[in-house]
Amino acid sequence: MIKAIAGTKDILPENIRLWKHLESLVEKEMVLFNFKEIRTPIFEETALFSHGIGEATDIVSKEMYTFTDRSGTSVSLKPEMTASVVRAFIEHELNKKANFYKLFYISPMFRQERPQAGRLRQFHQFGAEAIGSNDPIVDAEIIIIANNILKNLGLKNFEIKINSLGIPTSREKYKEELRKYLGDKLDSLSEDSKKRFKTNILRIFDSKNETDRKIMAGAPTILDYLDDESREHFENVKQLLSESNVPVTVDHKLVRGLDYYTNTTFEIISKSVGAQSALCGGGRYNLLIEQLGGKPVPATGFAAGIERILLACENEKSINLKDEELDIYLVRLDKDKKDKVFAIANFLRKNGLITELDYLLRSVKAQMREANRLNSKYVLMIGGDEFLRNAAVLKNMQSGEQEEVILDNLDGIVKRIESVK
RNA sequence: GUGGGCGUAGCUCAGGUGGUUAGAGCGUCUGGUUGUGGCCCAGAAGGUCAUGGGUUCAAGUCCCAUCGUUCACCCCA
């Protein structure tokens, strides 16, 4: 039997409602902040990601689904969306159409990692990118949007962490200090962290190793090395969030793995999911657009993992969708009324009623059971004596009451049912 | 890429130290009303016990391999 590829999942009808619920909340919130949806191709030239995300990052160096197409071009399934959005922004010269763009997306992403709780190879993110302003208000709004969406999904058990990475020059200075601090402690670090010391020293802060954590607790903090402008920007963002009653925790250890971040970074961590607890991550990336060949334009954004969020919702039981319903189920009393039932169904559907009928020539009892299982509000029984009188029995499934209705007057049935919707 | 757990009906799971026809609950179907759901009752269908090999008189049970899955590390949403 052929099965779905490891790390990919079918979203079955019973789950689609949950997804649509989330998607509609995302759209609603984005519309409130006047973000416009953007859709980009599922795959791009590999170079976009290696330049945009960073050649040395894990995502690019070992997690992308990369292949060569028939023309010999190396292409990759998108592992994240920011690079694609920026590419579209540059390619369509959106900066010339307006000075400021606010874009959002909901899209599948692909990374070839080992699947685990909250991590899939095809997963889905929603996110936003605000391009064109360096105003701290935008940083704040990005975080507020993410926070609002999680709140609207009923989530409580999460924490927003925020930090500033400053600008490259101050960050380099800080890394130098970190290297000095760790110089004589190198032997005590875990093997992974020894590697990080060379490749991406900031990430040692993310280590889950006890000893590493103890050592890093005494490390200098990046916030002490921010340039004046970055410091002021960061203070501003915190101030705005505080005024908006969005609680955030400053975490100077929050670094983040993508190369393009400058200044503000943030992450939303849930305590309701497994080890992969980041529901959402984002920050400012003022240098990326220029790096990808555009005019230097400041930007900020976030991405959120839909599967992880839904996992959190499930564990917190935060969503209660009401059961799906049917307006009316047509029960066929006699086998020879098939065509009549079909014709009535056509009419009712044309008039906007969600209508179901039996396709399996089942017994009346079985049809009734089915109507009940489908939560049908009404049942119309067609056939028998009533049919000879050009009538049928309409039953209200909730009250159990039933009455005879004239088949010439299907409009009346439609009106009745519409009125209780 | 590394390490651990687990693979028995559609789903959730039982099946001490190997022993003959592999079970339950839920779900599905049928019946209990010549044409009536939910609750209840009776019954039925549904399993190459992941696959392949090995040990044994005998394997769902023990051993090995493979595949799948899951959790964690790494990293990230």
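We name chains A, B, ... by the order of the sequence lines, and we start the count at 1 in each one.
In this model, no side-chain donor or acceptor of E63(A) finds a partner on the base of rC75(B) within 3.5 Å. Within 3.5 Å, a donor on the side chain of R308(A) pairs with an acceptor on the base of rC76(B), or the reverse. Residue side chain E113(A) does not reach the base of rG1(B) through any donor-acceptor N/O pair under 3.5 Å, judged by distance alone.
Looking at heavy-atom distances under 4.0 Å, G384(A) makes contact with a base. Contacts of N372(A) with the nucleic acid, taken as non-hydrogen atoms under 4.0 Å apart, include base atoms. Here G400(A) lies in heavy-atom contact (under 4.0 Å) with a base. K377(A) comes within 4.0 angstrom of no nucleic acid atom, judged by non-hydrogen atoms across all strands. Using a 4.0 Å heavy-atom cutoff across all strands shown, V393(A) reaches at least one base atom of the nucleic acid. Within 4.0 Å (heavy atoms only), L120(A) reaches at least one base atom of the nucleic acid. At a threshold of 4.0 angstrom between heavy atoms, the contacts of L333(A) include nucleobase atoms, whether or not backbone atoms are also involved. Looking at heavy-atom distances under 4.0 Å, G274(A) makes contact with sugar-phosphate atoms alone, never a base. Within 4.0 Å of K3(A), counting heavy atoms only, lie sugar-phosphate atoms of the nucleic acid but no base atom. At the heavy-atom level, R111(A) lies under 4.0 Å from base atoms of the strands shown. At the heavy-atom level, A117(A) lies under 4.0 Å from the strands shown only through sugar-phosphate atoms. Within the nucleic acid shown, R332(A) has no heavy atom closer than 4.0 Å to any nucleic acid atom. Nucleic acid contact for E191(A): none, since no nucleic acid atom lies under 4.0 Å from a heavy atom of the residue.
In this structure, OH of Y261(A) is placed 14 Å from C1' of rC75(B), rounded to the nearest angstrom. In this structure, N209(A) atom CG and rC73(B) atom P are separated by 12 Å, rounded to whole Å. A straight line from NZ of K395(A) to C1' of rU33(B) spans 12 Å, rounded to a whole angstrom.
Between Q116(A) and rC71(B), a side-chain N or O to OP1/OP2 separation shorter than 4.0 Å is absent. Taking side-chain N and O atoms only, K208(A) has a distance below 4.0 Å to OP1 or OP2 of rC73(B). For rC29(B), the OP1/OP2 oxygens have a side-chain nitrogen or oxygen of R362(A) closer than 4.0 Å. For rU34(B), neither phosphate oxygen OP1 nor OP2 lies less than 4.0 angstrom from any side-chain nitrogen or oxygen of K365(A). Proximity of Q402(A) to the phosphate of rG37(B): no side-chain N or O atom is located under 4.0 Å from OP1 or OP2.
When both distances must be under 3.5 Å, the Watson-Crick or G-U wobble mate of rA44(B) is rU28(B). With a cut-off of 3.5 Å on both pairing distances, rA77(B) has no Watson-Crick or G-U wobble partner at all. In this structure, rU69(B) and rG5(B) make a Watson-Crick or G-U wobble pair, each of the two defining distances being under 3.5 angstrom. The base-pairing partner of rG35(B), taking Watson-Crick or G-U wobble contacts with both distances under 3.5 Å, does not exist among the strands shown. Using N1 to N3 plus N6-O4 or O6-N4 for Watson-Crick, or N1-O2 and O6-N3 for G-U wobble, each under 3.5 Å, rC62(B) pairs with rG54(B).
Nucleotides of RNA chain B nearest to S207(A) and A304(A) differ in position, and the one nearer the 5' end is that of S207(A). If D334(A) and Q398(A) are placed on RNA chain B by their nearest nucleotide, the residue sitting closer to the 5' end is D334(A).
Between Y359(A) and E356(A), the shortest heavy-atom distance links the atoms OH-OE1, 3.1 Å.
Under the 4.0 Å criterion applied to side-chain N and carboxylate O atoms, E316(A) and K156(A) are not assigned as salt-bridge partners. Between E176(A) and R171(A), none of the side-chain N atoms (NZ, or NE/NH1/NH2) sits under 4.0 Å from a carboxylate O, so this pair counts as no salt bridge.
Considering only side-chain atoms of R114(A), the nucleotide from rG68(B), rC75(B), rG3(B) that sits closest is rG3(B). Candidate nucleotides rC75(B), rU36(B), rG38(B) were compared by shortest atom distance to the side chain of R369(A), and rG38(B) ranks first. Here the nucleotide nearest the side chain of M368(A), chosen from rG37(B), rU30(B), rG68(B), is rG37(B).
Relative ring orientation between Y101(A) and F89(A) is described as perpendicular, the plane-to-plane angle rising above 60° on a 0-90° scale split at 30° and 60°. Between F205(A) and Y174(A), the ring-plane angle classifies as parallel under the 30° and 60° cut-offs.
The aromatic ring centroids of Y285(A) and Y260(A) lie less than 6.0 Å from each other.
Under the 4.5 Å side-chain criterion, counting only non-hydrogen atoms from C-beta, K151(A) is not in contact with L155(A). Contact of the I215(A) side chain with the S188(A) side chain is registered, since non-hydrogen atoms from C-beta on lie closer than 4.5 Å.
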